[in-house]
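Read through the structure below, which is laid out as C-alpha cells, and then see the notes.
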Amino acid sequence: MISDSPVQTLTDMIHELNPAQREAVYHNDGPILVIAGAGSGKTKTLVCRVARLISEGVSPESILLLTFTRKSSHEMLRRAADLLDERCRRVSGGTFHGFANIILHKYAHYLGYSHQFTILDRSDSEDLVGMIRKELGFHKTEKKFPQKGTLGSIIGKGVNTSRRIEDVIAKDYSQFMEFGREIAQIATAYQDQKRRMQVMDYDDLLVQLLTLLKSAPDICDELQEKYRYIMVDEYQDTNRVQAEILRYLTGEPANIMAVGDDAQSIYSFRGANFKNIMMFPELFPGTELVKLEQNYRSSQPILDLTNALISRAKEKYAKNLFTDRGDGSMPIYVETRSEFEQSRFVAQKIEEYRKAGVPLSEMAVLIRSGWHSNDLEVQLQSASIPFVKFGGFKFMESSHIKDVIAYLKIAHNPLDSVSWNRCLLSLDGLGPKAAGDLIADLLSSKAKDPQAVLAKLGKRMFYAELAALFQLVFGSSELTVSELMERVLVYYRPIFTTRYDDFPKRTQDLESLIEIAGRYDSLSEFLAEITLDPPDSTLSLESSPVMIDSDYLTVSTIHSAKGLEWKVVFLISAVDGYLPSAQSLGDLGQLEEERRLMYVALTRAKDELFIIKPKIDMQGQNYHRFGGLPMSEPSRFLTEGQLLDKFSEKMALEPKNDRPKPSFMASYDSASDDDPIRSKYRF
DNA sequence: TCTGACAGACTTTTT
DNA sequence: GTCTGTCAGA
C-alpha cells in the first residue's frame, strides 16, 4: 500500500528532500511544528529525521516516537531501518495509550494503583456505566434517561476536553439538561468504581499519566532525561491532555517535533481538537514552523478538487498544495440508481484495472461507515476479487470473544467486576441479583478469600459450576497464557455451544484468539495489547500465509485509511446523509469534521479517483431512515461551489435492468474509445 | 429471583 | 439486526 522505492540509503534519501523537508530533518534542538499537507512526504520526513539522528550517534532508545496507530509506528521504524540499520527498531514509542500503559504499569503504585491494573475497552466501560446507572435507579425515570453509551460519551468528553460534565451537557447534549446532576453523579461513581476495581479506561491512561507527571517530579525528570527527542505524528488528532503530557515530558529547550495537518483532523469525537495544533506554538515558546506544501502523491486534477474542497473549510492554517506532476485524469463522478449497481460498477472497474496491469494492492474502496460496504463485499466475493477490510470491524465486540476475554481478565484481576458480571450471568439460575451480591462480596474482601465468598452462598443450584469457575480463576496463577486459555475453553465450551446455535461459525474466532494469545508470554501483556491494539482487519485474523502474500484489494473506512495512499481510489456512497453523516448535520463543528473526512478520503488517490453516489433505496431496509426519504442528493461538500461540475468528469451509466446478472462482467462493456479503462458510457 | 417472550429504540468513525 | 426494558410465569 505504501510505495517504496528500491533500496535507498539515507544519503540518497536526504539528497531528494525539498528545502522544507530538509529543514525539518536537520532540525536539532527546540520545538518545531511541521504542518504537512496531504501527500507532502510527512512520513518520509519523520523517518529521515529518526535515521539521521541515529546515524549521528543519538541512541535509539532516547527517541520517543508517538504515533496514532501501532501500525504506522511499525511502518516508520521499518522504513528507518531500511534506510540505516536495525538500530532504528529500538526507538521508543507507539501510541500515546500504549506508551502511557507502559509507564503506568511501572509506576502504578505512585497513584494508588496496583501494577496488575487492567484496561477497560469502550464496551467494558459502557457496561460499567450501565451497571451504575441501574444501581442508582436511573433506568426507570419518567422521561427517558440517556443510555449507557451516551453516558459514556458524555463522561469521556468531559475528561478529554477538561470540562465539567454539566458544561458538556449544556453544550453538546442539551436534550439531557434536566439530568445534569444525575449524570454527574454517575460520572463520580464511575470514577470511584474504576479505582476500586483496579481498572483504567482509555481516557484514564492519559489522565493518570498526566497526574503522575504532575505529582511526581522525580519521575518527570527521569523521563525527560530518558527521552531526549520526542516526535509526535498526527498531532491534529491529539487532545488537551495529550498536549499537557508532552509539556511535562519535555525539558528546556523542549526537543519536540510535532507533525500534522489541521485539514485532516477527523477524531474530534474522541476528544481530539484540531485547534491543539494551532496552539502548539503557544504551548512551546520559540517554536519553529515549517510547512510542507509540495504534494508528491496526487495528480494535478485530483489536487484541484481537493484544494477547492478544503478551501471552503471555515478554520485552517492557510496552505496551498501544489505538485509538479504533469497532468493526470480528472476525478470521475458516477451516479448509480442503486447500491447494487454501485457495487457492480466498482467490481467491474477493478477488474478492468487489474487486466490493465494495476495490482489490487494499488486500489482501495473507501467508506464512511463499516456497513456501507456490505453489498459490495458480497459482489467482490462472487467476482472472486480478494479483499481485506479495515476498520468498522468488530472482532473484540462479538459476544463470544468478550466472554473468553472476561475469564482471562478476572483471572488476572479478580476485582474486575464488569468481567465478573459477564462470567457469572452465564451460569444457570444465577441472575443479576445473585451476581451483584457475589461481586459485592468479592470486592469488599478484595478477593482475598474466595472460598469464604463461596461458602457464604450455601448450596444453590449453580454451586458446582461456580466452584469450577472459582477454581479456574483463582487456581491458575502459575499457568502460561496458552495453558490458561486452554482451561478457559474447556470450561467455556458447554456454555458456548448451548448459548449460540451458530457456534460452528464462531469457533473460528476462538481459534484466532488462541493463536493470538499464543504469541504472548504474559497475560498482562496479552490483555493490554488486545485492548490497545485490537485486530483491525479481517487480515489480522487470517493467519494463512497464502492470504498475506497474495495481492488483495483494500476496503477501508476513511478513518482507517488515514496516512495511506493508492493509485486508484473509489469513494462509494458519497450521499448526503452518509457523508456528511446525518447525525452530524446539527452541529457546525461536526459538519466541518465531515468535510475534512471527505478531504482525507479524496487525498488518498494518486492517479485515478472515482466518486460514486448511488440512490439509497429504503425498501426492505428500515434501519437507516433519516426523515423517511430515500437519500438521493450527492454529498453537499461536492455540490457546494459546483465542485463536481468544475473539477470532475461525469460518467453516465447505461440504463440497465437493475437485477443481479449471472455474469455481471457483461454489463458495461459496450462503449469504448481510445483508452479502454476510461471509456465513456452514454445513455 | 430468574427466565423467556415481547415491544420499542437506535444504529459513525477508534485508542 | 442489536440492545433495553417490561411483564408473566416458574
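Residue numbers begin at 1 in each chain, while the letters A, B, ... track the order of the sequences. Side chains are part of it too, since the values below use all heavy atoms of this structure and drop only hydrogens, waters and symmetry mates.
When heavy atoms are screened at a 4.0 angstrom cut-off, Gly391(A) is found touching the sugar-phosphate backbone but no base atom. At a threshold of 4.0 angstrom between heavy atoms, the contacts of Ser560(A) are confined to the sugar-phosphate backbone, with no base atom among them. Contacts of Phe96(A) with the nucleic acid, taken as non-hydrogen atoms under 4.0 Å apart, are absent. Using a 4.0 Å heavy-atom distance criterion, Arg70(A) is classed as making no nucleic acid contact.
Asn276(A) contributes a side-chain N or O that, together with a main-chain N or O of Asn239(A), makes up a donor-acceptor pair within less than 3.5 Å.
The distance between atom NZ of Lys157(A) and atom P of dT14(B), rounded to the nearest whole Å, is 17 Å. Across the protein-nucleic acid pair, Asp201(A) atom CG and dT14(B) atom C1' stand 14 Å apart, rounded to whole Å. In this structure, NE2 of His372(A) is placed 13 Å from P of dT11(B), rounded to the nearest angstrom. To the nearest angstrom, C1' of dT15(B) lies 14 Å from CG of Asp124(A).
By the side chain to side chain contact (heavy atoms under 4.5 Å, CB included) test, Thr150(A) is found to be paired with Pro146(A), Gln147(A), Ile154(A), Tyr173(A), Phe176(A), residues two or more places apart in sequence or in another chain being considered. Shown here are the ring-ring contact (aromatic ring centres under 6.0 Å, His included) partners of Phe138(A), two or more places apart in sequence or in another chain: Phe145(A). Residues forming a side chain to side chain contact (heavy atoms under 4.5 Å, CB included) with Thr95(A) (at least two apart in sequence, or on another chain): His97(A). Scanning for ring-ring contact (aromatic ring centres under 6.0 Å, His included) contacts around Tyr267(A) gives Phe68(A), Phe269(A), His559(A), with sequence neighbours left out. Partners of Asp533(A) under the side chain to side chain contact (heavy atoms under 4.5 Å, CB included) rule, at least two apart in sequence or in another chain, are Arg70(A). For Phe526(A), the ring-ring contact (aromatic ring centres under 6.0 Å, His included) partners two or more places apart in sequence, or in a different chain, are Tyr520(A). For Lys157(A), the side chain to side chain contact (heavy atoms under 4.5 Å, CB included) criterion is met by Thr161(A), Arg163(A), Val168(A), Asp172(A), not counting sequence neighbours. In this structure Gln264(A) satisfies the side chain to side chain donor-acceptor pair (under 3.5 Å) test together with Asp261(A), Arg604(A), sequence neighbours excluded. The salt bridge (Lys or Arg N to Asp or Glu O under 4.0 Å) search around Glu465(A) returns none, not counting sequence neighbours.
In this structure, Phe269(A) counts as stacked on the base of dT13(B) under the 5.5 Å centre distance and 30° plane angle limits.
The side chain of Ser581(A) places no N or O atom within less than 4.0 Å of a non-bridging phosphate oxygen (OP1 or OP2) of dT13(B).
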Would you tabulate the pairs of protein nitrogen or oxygen atoms and nucleotide nitrogen or oxygen atoms of nucleotides 7-10 of chain C closer than 3.5 angstrom?
none

Close N or O pairs between protein and nucleotides 2-6 of chain C (under 3.5 Å):
| unit_1 | atom_1 | unit_2 | atom_2 | d |
| --- | --- | --- | --- | --- |
| dT4(C) | OP1 | Lys148(A) | NZ | 2.8 |
| dG5(C) | OP1 | Arg133(A) | NH1 | 2.6 |

Taking only N/O atoms, report every protein-nucleotides 1-7 of chain B pair under 3.5 Å with atom names and distance.
| unit_1 | atom_1 | unit_2 | atom_2 | d |
| --- | --- | --- | --- | --- |
| dC2(B) | OP1 | Gly431(A) | N | 2.9 |
| dC2(B) | OP1 | Ala434(A) | N | 3.1 |
| dC2(B) | OP2 | Lys433(A) | N | 3.0 |
| dC2(B) | O5' | Gly431(A) | N | 3.4 |
| dT3(B) | OP1 | Gly429(A) | N | 2.7 |

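Side chain Arg122(A) to base dT14(B): a donor-acceptor pair is found below 3.5 Å.
In this structure, Arg596(A) forms a cation-pi arrangement with Phe274(A), its terminal cationic atom sitting closer than 6.0 Å to the ring centre and no more than 45° off the ring axis.
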